[in-house]
Amino acid sequence: MDSLKDLKEEEVIRQVRSLLLLFVRKNYFEPSKDEIVEPSVVTLLTLDGERLYPSAADLKTLKIVYEVLAENSCNLQNCIEKAVLTLQYVRVHQQMLDEKSVILHNLAVTNIDFLMKNIESLEQNEKVEVLLLIGYIHKIYFEYVKEKACFERAEAECGLLSSFTGQLGKRTYFQQSDITQMTMCISKLKHHKSTPKSEYVSDCRLPVNVMLNDDTRMEKKKLLDEKHGELPRLNPLDQAVLLGLYAKLEHLHFKDDILHEELLTVLDVVLDQPQNFCVQLCALMLRSNVERHKTRTVERSMVQLEELVKCVSASDKVDKTPLFFCTPVPPRWELERQLANLLAELGCLSSALEIYQRLEMWEDVVNCYKGLELRHKGEEVVRQQIAKGETPHLWCLLGECTDDVSCFEKAWELSGQRSSRAQRNWGMLLYSKKKFEEAVVHFKLSLEVNSLQAPVWLRLAYITLELESWEESAAAYRHYCLIDSDNFEAWNNLAKCYVKLGQKARACKAFQEATRLNYENWKVWDNYMAVTTDLGAFDEVIFAYNRVLDLRGKHVDIEILKVLVQAIDENLEDNSGNPSIKYKSQALKLFGHLTAQVPSNGQLWLLYCKLVLAGSDKNLDDLEKAAQLIQKSNRYSIQQINWERDSKTLKEVLEIAIILGKVHLDWAECLDIKARISQILGTAKLVLKSTDSKLEQYKTSLITPLPNEIEELHLELKEILSAIVTKSTAT
């Protein structure tokens, strides 16, 4: 370390870059070796109380890099080379830790800001490399929107134009006819200078692409027009950019079968032209992660991971690091852990357990024993490790095995009150016992130590929601959504908090995010519809209602429909200050759609009638249609048994009958043909007389008089009936 201080800045950066690459080779591309590590080195590299993986090798080298770049022991000036190297170090050091580090995140933010201000001074290839590096750092810290922006800019800098399309072809050996298969169209803008092919091409043996060997599914899609499906020659940097496209799709789209096909299509394009070790390794690893969920491909997924583990554990001395920082290459043990996780999912718990124990991943060992219903064995393993040397991590694991609070207390004390996990697990234990108020205290302590714990923010938000502490819950959900903006339930609950706080505009924005992330959930759309109604955003109300009908089929919300019809009828201003009458045509289509699905609701037909007459000059066509609608409303309202005995239903029937009478009188006024007038008035008279006689008959059986409101409506009905009789007699 002292020797570096005597060197020039350029030489220091060159030496530190070499040291970082040496550390990368030993932890990502070489077999593991047993080493004795000084406790002071481990303590220095343990940031924010988050432990280093026990499998990490050559930590002394990482310590030197940390001191130069994080502590700036050589007093390096800010420059692009130093900023890029610092971000590379952040990415590597973060992958050595159990949890996200706030210290590393803050260091990354500072250097990203500096680089983005000076990025235009870089050459094209350097610019693309830096954008990919920054994109993956954003991904590590759950900043998916920023990640997407970086990858899209990298694609533009490369001059790549990519899109998904469909072409006729076959997917299985037994297909008789060609059907549409998803493919990619890729082109490269001519004015972008192509990267020399040899610049990033690896000289070592590339990871083997394991064949599917399925008796039904083809290895590759067989397109009807093979020439149309041909791709341009891509260089390794272009392929790395396509892996960025994969990452962007993975986090910013709703998970469904279409996304599954899109992800595999991107990876097929990359794997079609193997050139670079890191690119090939990541593409095969990512394909295994996608295929592990399908029965026809899960076997290939497992065999492929085994092949990748062998590949990164080989003792060859060739350089495998070109484009390492432009791809999401995991540490060697993380790749083995993925294999063990897959084995555990397939029920091969013994094989998975063997890998976990070799890698000293004691948490996974404990979970494996839980899967085997041998929880006591997990406790024995943890106690054995504590006997060898106690750590906060091991005490936390023991607490999980025994549900003993004293274990978490011990872990907290042993860490010098820096173990976020100790407080997190303590809070989770109290949460499981329904001690919500106490759990909140421990979750807050955990977040004070490390604020980048998305699951803890989510749990804290949910508990405070249950406790109806709306301000606290909203704050916690906001923090969570800043870390992980891809959870529709979090946005939905945040909107609920805003509604309870009376902040309808903010609730509306939160619901918009929730609907974007889960477009198929009718309950979210229903909540959004209610909030937009309160805000007077009637275009959004109509859109949301139509969406609910598309998803649910039948859905009647009379209160919302009443507000909508009243706003249009009275021509109230919407949230933008525009007259609501402009929404009449959209609302009429909505009611047409709704009444076709729910034809037996009297109130629905009544509102439909009012909507038809809203803003109308009472022309003949509108009156005729309104008359038909109000007749249906009356017909379905009086179908209820003993409607006259329920005050609410009685009031509704009387209101419908009154409107029916008025509409028929107005309709008759617009006609000249006496026979037609008599027919219209006769229909109205029949309905009103029937309602009147039914109510009079009911009154005779009453001991107490009807409410004044009902009596007034009855009197109005009689007056309209009298007007109809008079008009009919005069005709």
Side-chain angles (χ1 to χ4, degrees), residues 142 144-145 148 164 248-263 290 293 454-455 457-466 468 470 473-501 503-561 563-564 575 586-587 589-591 593-594 596-598 601 604:
F142 313 110
Y144 299 129
V145 176
K148 176 188 175 187
F164 293 101
K248 182 181 73 172
L249 289 170
E250 186 180 27
H251 291 293
L252 291 173
H253 283 67
F254 183 67
K255 306 296 185 290
D256 56 13
D257 289 337
I258 294 177
L259 175 63
H260 179 271
E261 283 299 314
E262 288 178 344
L263 295 176
V290 176
H293 303 295
W457 281 116
L458 188 60
R459 186 66 66 185
L460 176 63
Y462 176 75
I463 291 176
T464 47
L465 186 73
E466 288 291 302
E468 298 186 359
W470 309 119
S473 185
Y477 274 121
R478 279 197 301 273
H479 277 287
Y480 174 80
C481 291
L482 284 173
I483 298 172
D484 183 2
S485 60
D486 218 18
N487 187 327
F488 89 92
E489 290 178 338
W491 285 107
N492 188 67
N493 289 343
L494 175 59
K496 179 181 178 180
C497 294
Y498 285 146
V499 169
K500 294 292 185 180
L501 292 167
Q503 300 172 12
K504 301 293 177 65
R506 298 179 80 178
C508 184
K509 294 291 184 183
F511 276 132
Q512 285 174 345
E513 286 297 312
T515 54
R516 179 183 66 81
L517 294 166
N518 193 345
Y519 205 70
E520 308 299 318
N521 191 314
W522 73 267
K523 292 182 179 178
V524 178
W525 283 105
D526 191 35
N527 292 336
Y528 179 55
M529 181 171 63
V531 171
T532 49
T533 303
D534 288 343
L535 288 172
F538 298 117
D539 53 341
E540 292 296 318
V541 173
I542 295 169
F543 179 81
Y545 210 126
N546 278 310
R547 187 69 193 137
V548 172
L549 292 179
D550 291 341
L551 295 170
R552 201 180 181 204
K554 297 180 180 180
H555 184 79
V556 179
D557 193 324
I558 294 296
E559 294 304 316
I560 285 177
L561 293 172
V563 173
L564 177 62
N575 63 326
Q586 297 176 48
K589 290 178 183 177
L590 169 63
F591 271 89
H593 187 188
L594 188 53
Q597 294 181 329
V598 188
N601 189 305
L604 195 57

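Atoms considered below: every heavy atom in the structure, side chains included; atoms not considered: hydrogens, waters and symmetry mates.
- With Thr532 contributing its side chain and Met529 its backbone, the two residues share a donor-acceptor pair below 3.5 Å.
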Go through Tyr480 and Asn493 one step at a time and tell me if the side-chain contact (heavy atoms from CB on, under 4.5 Å) criterion holds. CA-CA 11 Å; Tyr480 174 80; Asn493 289 343; over 6 Å; no
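- Side chain of Trp491 to main chain of Ser485: a donor-acceptor pair is present (N/O by atom type, distance under 3.5 Å, no hydrogens or angles).
- The line from CD of Gln597 to CG of Leu549 is 5.0 Å long, rounded to the nearest 0.5 Å.
- A heavy-atom distance below 4.5 Å is found between the side chains of Asp484 and Tyr144.
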side-chain contact (heavy atoms from CB on, under 4.5 Å), that's the test. Do Leu465 and Lys500 meet it? Break it down for me. CA-CA 10 Å; Leu465 186 73; Lys500 294 292 185 180; over 6 Å; no
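- Note that CG of Leu551 and CH2 of Trp522 are 10.0 Å apart. Values are rounded to the nearest 0.5 Å.
- Between the side chain of Tyr545 and the backbone N or O of Asp557, at least one donor-acceptor pair lies under 3.5 Å.
- Val531 and Val499 make their closest contact through CG2-CG2, 3.7 Å (heavy atoms, listed as atom of the first residue, atom of the second, distance).
- With rounding to the nearest 0.5 Å, the separation of CD in Glu262 from CG in Leu249 is 5.5 Å.
- Atom OH of Tyr498 has more than 12 heavy atoms from other residues, nucleotides or ligands within 6.0 Å.
- Applying the ring pair (Phe, Tyr, Trp, His ring centres under 6.0 Å) test to Trp470 and every residue at least two apart in sequence or in another chain returns nothing.
- Between Glu489 and Asn521, every side-chain heavy-atom pair lies at or beyond the 4.5 Å cut-off.
- Looking at Trp525, its side chain does come within 3.5 Å of a backbone N or O of Tyr519 through a donor-acceptor pair.
- Across Leu458 and Ala490, no two heavy atoms sit closer than the pair CD1-CB, 4.3 Å.
- In this structure, SG on Cys508 lies 13.5 Å from CD on Gln503, to the nearest 0.5 angstrom.
- For the atom pair Thr515 OG1 and Phe488 CZ, the distance stands at 11.0 Å (nearest 0.5 Å).
- The shortest heavy-atom contact between Ala514 and Asn492 is CB-N, 4.0 Å.
- Residues Asn487 and Leu517 are not in side-chain contact: their nearest non-hydrogen atoms beyond the backbone lie 4.5 Å or more apart.
- With a 4.5 Å cut-off on side-chain heavy atoms, Asn546 and Leu590 count as touching.
- Across every non-hydrogen atom of Val598 and Leu604, the tightest pair is O-CD2, 3.6 Å.
- Side chains of Leu594 and Leu561 form a contact here, defined as non-hydrogen atoms less than 4.5 Å apart.
- Taking Arg547 as the reference, Glu520 meet the salt bridge (Lys or Arg N to Asp or Glu O under 4.0 Å) condition, with sequence neighbours excluded.
- Closest heavy-atom contact between Tyr528 and Ala544: CD2-CB, 4.0 Å.
- Distance check: Ser473 OG to Leu460 CG gives 8.0 Å after rounding to the nearest 0.5 Å.
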